[in-house]
Amino acid sequence: MAAAPLRVIDFGRVSPLRSQTLWHAIAHGVSGGGPATLSLMQPAAPYVSIGYHVPYEDVDHERCSDAGLPVYRRMVGGGPVYLDDGQIFFQITVPVEDTPAVRSAAVAGLLAPAVRAFRAVGVAAVLEDHGDIVAGGRKVCGHGAGQIEGAVTVVGNLITRFDHAAAASVIRTPDEETSVELERLMRRHVAATPADPEAFRDAAVVEYTRALDRVAEFSHLTADELDALTELDERFTSPSWVEEPARRRGSTWRVKVKSGVWMAAAASGETRAALSVVDGRIEWARFADPMLNGAAAAVEDSCRGRTLGEAGLVLCRRGEPGMRLAGLLGDVEREIRR
Amino acid sequence: MPEVRQCDIPSDLYYWPEKHIWARPEDDGTIVVGVTDVAQHLAQNIISAMPKAAGRPAKRGRSLGTIESSKWVGPVTSPVNGEVIEANPLLGSDPGVINRDPYGEGWFVRIRVEDWAAESAELVTGDEGLAAYEAFLDAEGIDCGEAA
């Protein structure tokens, strides 16, 4: 018996809300026996999306409100992200029984055709071992994944234009300096790839049909999915959904810009540390402790270029405040390794 | 602890192999539920866990909460019907405990079951349970000694 076709739905430009709820409705449909589906869409306006487990307070709601950005919680993983019409979203949704049990293998397998689609439109993309899609060492595609009911969905985006300032500004940081450093890291490690969206879509269809050994069938939502969409529209705009069921952030704060590139901060009483860590080494640091007595800049300089462990040892030689800061660096290291 | 395809599978627990879930009846009549060594191996580095809160219903085959690893969010499936009476408070601050100790400190929720005698009949345990789990792992080609 021939395999079911790969359903392809290109929704075009849709509202920010629908750019989330449409593919969740597809997951519901695939879970109920519908065919594997490749979907694409472009949000017509900017907004912020947060991963299912992300604490609500990780978003700077004041800035979002000032900029008129709605915040929606998705049902797959990853952190808070700024999204706008410079990004074309794609989602591949398949029945859970059709994916490898090993989650990393499932995600890699479902992202691989997208990587080939990037390459087909002239972007020298590669899928790194840890799951990021990069070109020239810079991340060019955000992604998230998860099991929604009985379906597995992997989402990603073609970024034709990226607003680094907006992307950094919507993330709540301990202070303004940290926000500036976050934007600097984003500019260095996240890149847009101005490929033709239609060519990318066509290439994605070719690559996913080939990978899944199916024939493409351009289609639309079923009546059941449309019913689910109505419910999802309501749920995703409900404060109880957006603000809960987030876990609470501990005393350590972190943001992953790309694999190996982190912003992190920790505090205990009046002792505070904020850091950027790239490939295991501190690039930027800001320390505060009442007993540093104006030596903070020198202490920060002594840690730059070192691993967190090395910096901790250096700090321990600086007496009580240094030992307190070393403790915070230990907290940051544990958080980053998690 | 017995090993099945290099995965730790204690013989005294009850399992739903396809969902990689274990259940353990307690003296007070409640059931402690968690994910197996196989599940934590497949998930790899668990960065977040969100069990349902106490008071929420547990329905066999439905989600008891979710865990996240490597941008993947997946459900933890309930093996029984009943009511969640406690979520593991450690998971909020240390979700990695599921990787380190899935049958101990990494338990997920405690459930008050409606009818354990009937519920347990749907699960496998003892030597028969190990054999059933091994058959499933064989069929899926899963081995905890291999890099996930």
Side-chain angles (χ1 to χ4, degrees), chain A residues 27 31 50-55 58 73-79 81 96-97 99-108 110-111 129-132 141-156 244-252 254 256 258-259 331 334-338, chain B residues 5 7 17-20 35-36 38-53 56 61-77 84 87-100 136-148:
Chain A
S31 181
I50 55 179
Y52 190 58
H53 282 207
V54 169
D58 276 10
R73 183 180 296 281
R74 60 186 183 270
M75 295 174 73
V76 296
V81 287
V96 66
E97 58 269 22
T99 60
V102 178
R103 297 315 181 203
S104 57
V107 174
L110 290 170
L111 280 178
D129 288 345
H130 39 69
D132 277 343
C141 171
H143 78 273
Q147 182 181 336
I148 301 173
E149 300 179 36
V152 166
T153 301
V154 176
V155 307
E244 296 289 341
R247 68 187 173 109
R248 295 288 168 247
R249 173 66 63 213
S251 59
T252 307
R254 65 172 184 168
K256 185 164 85 169
K258 72 181 276 278
S259 188
D331 293 343
R334 276 189 291 279
E335 187 73 15
I336 285 176
R337 281 187 176 173
R338 242 166 66 172
Chain B
R5 292 180 67 92
C7 308
E18 292 82 356
K19 303 295 184 185
H20 304 298
V35 304
T36 65
V38 183
Q40 72 79 21
H41 173 77
L42 296 174
Q44 297 176 293
N45 187 25
I46 294 170
I47 61 165
S48 178
M50 280 193 343
K52 277 186 173 181
R56 301 284 301 278
R62 303 293 292 271
S63 175
L64 280 174
T66 50
I67 56 178
E68 178 169 356
S69 59
S70 303
K71 297 190 176 184
W72 173 288
V73 172
V76 173
T77 305
V84 175
N88 184 349
L90 186 58
L91 300 182
S93 59
D94 184 15
V97 71
I98 297 175
N99 291 113
R100 298 192 306 274
F136 179 71
L137 297 183
D138 278 342
E140 293 289 314
I142 298 169
D143 187 317
C144 294
E146 294 173 0

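Atom set for the values below is all heavy atoms of this structure, side chains included, hydrogens, waters and symmetry mates excluded. Since this is a predicted model, take the numbers as computed values, not measurements. We name chains A, B, ... by the order of the sequence lines, and we start the count at 1 in each one.
Nearest heavy-atom pair across B/Glu140 and A/Ala101 is OE1-CB, 4.4 Å. Contact detail for B/Ala43 and A/Arg103: the closest heavy-atom pair is CA-CG, 4.4 Å. When all heavy atoms of A/Gly77 and B/Glu68 are compared, the closest pair comes out as CA-OE2, 3.3 Å. For the pair B/Trp72 and A/Ala106, the tightest heavy-atom approach, listed with the atom from each and the gap, is CZ3-CB, 4.2 Å.
For chain B, no part of A/Val96 is nearby; none of its heavy atoms comes within less than 4.5 Å. Residue contact with chain A, scored on non-hydrogen atoms closer than 4.5 Å, is absent for B/Leu91.
In this structure, the side chains of A/Val76 and B/Lys71 stay at 4.5 Å or more apart for every pair of heavy atoms. With contacts defined as side-chain heavy-atom distances shorter than 4.5 Å, the pair A/Gln147/B/Val73 does not qualify.
The candidate with the highest count of non-hydrogen atom pairs below 4.5 Å against chain A, out of B/Pro75, B/Ser69, B/Gly96, is B/Pro75.
Surrounding CZ of B/Arg56 are at most 12 heavy atoms belonging to other residues, nucleotides or ligands under 6.0 Å away. Atom CZ of B/Arg62 sits in a sparse spot, with 12 or fewer heavy atoms from other residues, nucleotides or ligands closer than 6.0 Å.
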